[in-house]
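Remember, it's a predicted structure, so these values are computed and weren't measured experimentally. Chain letters run A, B, ... following the sequence lines, proteins first, then strands; residues in each count from 1.
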There are 2 protein chains.
Amino acid sequence: MPTPPRTSLEAIVSAGRRLLESEGLESLSMQRVAVAVGVRAPSLYKHVRDRGDLIRLIGNDAIQELGRSLDAAASSRDPRRDLRAMAVAHRAFAGAYPQAYRLLFARLPESWQVDASLAERASEPIIRTLEKLTAGEQTLEAARTVVAWAHGFAAMELAGAFRLGGDVDRAFAFGLDRLLSAVVSD
Amino acid sequence: MPTPPRTSLEAIVSAGRRLLESEGLESLSMQRVAVAVGVRAPSLYKHVRDRGDLIRLIGNDAIQELGRSLDAAASSRDPRRDLRAMAVAHRAFAGAYPQAYRLLFARLPESWQVDASLAERASEPIIRTLEKLTAGEQTLEAARTVVAWAHGFAAMELAGAFRLGGDVDRAFAFGLDRLLSAVVSD
DNA sequence: ACCTGAACACCGTTCAAGT
DNA sequence: ACCTGAACACCGTTCAAGT
């Protein structure tokens, strides 16, 4: 006899993302997600293929949010200003959602990976802005340099890898300044 | 009645690191490490406090190897050349030991973290080289900028995050060039 | 002194049975 | 049509018992 669903994919993903952020990826168990949405673990398999699939959907959710935040940052008429704003937004996203951020740049099994089309769309504001600032055949290299720095900085900050004292905000400002002047064509 | 140890900390750490690299951190279970050294899981607790402690010891082993590799790279008389060589060595280490590399920059519980003194020693060649290349009060910021870029590049490469085609080696060379000229005082 | 099996509290996942 | 308990094959960790 048909029964109405007692939960939904949306509720599962959103509970999963909340649990990820509060407890970390290791504690993101099917059982805990199930309890959070009011069912038992086996029921989740009606909505997601397995735990990796749920992780992929959580990543999709997060990367879209990061993309929206980068897009909003790149909305002035000044591409240099936009690039700075995107770097700040990138770091802010990592600070606000450290676990989700970590997930996006983690090495995961193929089937857990965020959808390629969503990843590409999230990076579009960066490419778009650097097209205005660099000679065409260097846009991709310039984007990779900037994103590598921004990601590395955020990842090290989250990992607590800046252990030698000093002012981390100052290092961020220094790096951003130098990077922009180095990467951008005159 | 006393019995001689049937394994050793050294054997455990080295089997653990091998298992980490071949199967990943998730598969680094006490049971599998125990089998690899010829005992049962409970016996490992005579040598390490818990799984996190074993992970810390594996990280210590890896960071010392990375440090030796950076140190060997920074052995010419030309600090610019040394900096390039260290960036190449850093990337090579990540490529050779992706799982151990990932571990070193992962966000881990405090007690799993590599010893601070070993982390500091591993970064010493970078600081030493940048001291020769920058005004004193900018050395730390310059080092953080270079390391953030090198780490971000390696991490993205390992994560398969360079998805827009193009030549990744070329992006590495481009980034390194631009970064050096931007970070180094004239 | 060291190693072990058994036990405990967890996992992810499958599946027959319940409604 | 959806949810469930039971089951299976795993975890990490503790501990009394074996040698």
Side-chain angles (χ1 to χ4, degrees), chain A residues 1-59 99 102-103 106-113, chain B residues 1-59 99 102-103 106-113:
Chain A
M1 197 180 287
T3 31
R6 220 165 296 176
T7 184
S8 69
L9 184 58
E10 199 194 340
I12 291 166
V13 171
S14 123
R17 192 166 160 198
R18 233 172 2 248
L19 197 55
L20 167 68
E21 213 53 73
S22 63
E23 306 275 352
L25 187 59
E26 301 236 319
S27 301
L28 184 75
S29 72
M30 297 301 268
Q31 312 204 11
R32 296 192 61 174
V33 173
V35 166
V37 298
V39 298
R40 301 303 169 90
S43 298
L44 298 182
Y45 292 82
K46 285 283 159 187
H47 300 93
V48 301
R49 195 171 48 247
D50 53 25
R51 180 171 177 264
D53 195 40
L54 173 56
I55 288 170
R56 182 181 64 84
L57 293 168
I58 293 170
Q99 297 287 352
R102 186 174 151 246
L103 181 65
R107 188 198 230 188
L108 300 171
E110 187 81 34
S111 65
W112 302 22
Q113 295 267 6
Chain B
M1 199 180 285
T3 30
R6 221 165 294 177
T7 183
S8 69
L9 184 58
E10 198 193 339
I12 291 167
V13 171
S14 122
R17 193 169 158 194
R18 231 172 4 250
L19 196 54
L20 168 67
E21 214 52 75
S22 63
E23 305 275 351
L25 187 59
E26 302 235 320
S27 300
L28 184 75
S29 71
M30 298 301 269
Q31 311 204 11
R32 296 193 60 174
V33 173
V35 167
V37 298
V39 298
R40 300 303 168 91
S43 299
L44 298 182
Y45 293 81
K46 285 283 160 188
H47 300 92
V48 300
R49 195 172 49 248
D50 53 24
R51 181 172 176 263
D53 195 39
L54 174 55
I55 288 171
R56 181 181 65 84
L57 294 167
I58 292 170
Q99 296 287 352
R102 185 174 151 245
L103 182 63
R107 187 197 229 190
L108 299 171
E110 187 79 36
S111 65
W112 302 22
Q113 295 267 6

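For D:dT4, the OP1/OP2 oxygens have a side-chain nitrogen or oxygen of A:S43 closer than 4.0 Å.
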For residues 6-16 of chain A, dump all side-chain donor-acceptor pairs below 3.5 Å to protein atoms at least two apart in sequence or in another chain.
residue : atom : partner : partner atom : Å
A:S8    : OG   : A:A11   : N            : 3.1
A:S14   : OG   : A:R18   : NH1          : 3.4

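Rounding to the nearest 0.5 Å places CH2 of A:W112 at 8.0 Å from CG of A:D50. Once rounded to the nearest 0.5 Å, the distance linking CG of A:L28 with CD1 of A:I55 reads 5.5 Å. Separation of atoms CD1 (A:I58) and CD (A:Q99) is listed at 11.5 Å; rounding is to 0.5 Å.
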Problem set entry | Pair assignment for DNA chain D - dot-bracket with | for other-strand partners, Watson-Crick or G-U under 3.5 Å | ||.|||||...|||||.||
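Within residues 5-16 of chain A, the residues approached by DNA chain D to less than 4.0 Å at the level of any non-hydrogen atom are A:P5, A:R6, A:T7, in residue-number order. The stretch residues 17-26 of chain B has no heavy atom under 4.0 Å from DNA chain D, so no residue of it qualifies as close.
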Exercise. How does protein contact run along nucleotides 6-13 of chain D, one letter per nucleotide 5' to 3', with B for base contact, S for sugar-phosphate only, - for none, heavy atoms under 4.0 Å?
Worked result: B----BBB
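Listed by chain and number, the residues in a salt bridge (charged side-chain N to carboxylate O under 4.0 Å, His left out) with A:R40 amount to none (sequence neighbours excluded). Qualifying side-chain hydrogen bond (donor to acceptor under 3.5 Å, both in side chains) partners for B:R51, counting only residues two or more places apart in sequence or in other chains: none. With sequence neighbours excluded, the residues that form a side chain to side chain contact (heavy atoms under 4.5 Å, CB included) with A:R56 are A:D53, A:N60, A:D115.
Residue pairs that meet the salt bridge (Lys or Arg N to Asp or Glu O under 4.0 Å) test with at least one member in residues 20-37 of chain A, sequence neighbours left out, are A:E23-A:R32.
Closest heavy-atom contact between A:M30 and A:L54: SD-CD2, 4.3 Å.
If you measure from atom CG of B:L44 to atom P of D:dC15, you get 17 Å, rounded to the nearest angstrom.
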